[in-house]
Amino acid sequence: MSRLLQKKCVSCDSKDMRPMTEQAAKGLITKVDGWNLVSEGDALRLKRSWTVKTFTKGLDMLKLVADVAEAEGHHPDLHLVGWNNVTVEIWTHAVGGLTENDFILAAKINRISMQHLLRRKATD
Ligand SMILES: C[C@H](O)[C@H](O)[C@H]1CNC2=NC(N)=NC(=O)C2=N1
């Protein structure tokens, strides 16, 4: 089990919380399959997209992700566009960058059982 899955997100209001360096983020991105490290403006974020079978299955997926986020007390930006494209973006708003919380949340989102919601790939 990845070390990230054994951890819990911490409160973001601690004064000594700082955004991690790009180098640290590049080290951790290898631990969260399917997630990409993106730079929006000068802030690093985690981003992953899925194609779902239907609009309502997309909403179901957003709810599954929201439940994990609530349990962690750490929240992503959720997008459902073009009726069947779900994108999740994660970063720590309190510091305007990435912290370990973001990678913990990404790892726990990866554990959600969602195959039944996803459009099968042409190669499947
Ligand atoms: C106190 C509590 O940790 C904060 O309000 C949380 C809530 N969820 C959060 N989610 C994210 N992504 N970033 C934050 O800074 C954040 N802050």
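Treat the numbers as computed from the prediction; the structure is a model and nothing was measured. The analysis underlying the following values was restricted to heavy atoms, covering all of them including side chains, and did not include hydrogens, waters or symmetry mates. Both counts, for ligands and for their atoms, begin at 1 and track the order of listing.
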In sequence, state the C-alpha distance, the side-chain angles, and the governing distance for Val88 and Trp35, and then conclude on side chain to side chain contact (heavy atoms under 4.5 Å, CB included).
CA-CA 9 Å; Val88 177; Trp35 289 84; 3.7 Å; yes
Write none if no such pair exists; otherwise list each N/O atom of ligand 1 with its protein N/O partner under 3.5 Å and the distance.
residue	atom	partner	partner atom	Å
ligand 1	3 (O)	Cys12	N	2.9
ligand 1	8 (N)	Gly73	O	3.4
ligand 1	8 (N)	His75	ND1	2.8
ligand 1	10 (N)	His75	N	3.0
ligand 1	12 (N)	His75	O	2.7
ligand 1	12 (N)	Trp91	O	2.7
ligand 1	13 (N)	His93	N	3.1
ligand 1	15 (O)	His93	N	3.3
ligand 1	15 (O)	Ala94	N	2.8

Only distances under 3.5 Å count here; give the side-chain donor-acceptor pairs of residues 52-62 to other protein atoms, sequence neighbours excluded, each with its distance to 0.1 Å.
residue	atom	partner	partner atom	Å
Lys53	NZ	His116	O	3.2
Thr54	OG1	Thr56	OG1	3.2
Thr54	OG1	Lys57	N	3.0

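Every residue was checked against the salt bridge (charged side-chain N to carboxylate O under 4.0 Å, His left out) condition with Arg48, not counting sequence neighbours, and none meets it. For Lys108, the side chain to side chain donor-acceptor pair (under 3.5 Å) partners at least two apart in sequence or on another chain are Glu72.
Checking Thr92 against Asp102 by side-chain atom types alone, a donor-acceptor pair falls below 3.5 Å.
A donor-acceptor pair under 3.5 Å is formed between the side chain of Lys8 and the backbone N or O of Ala71.
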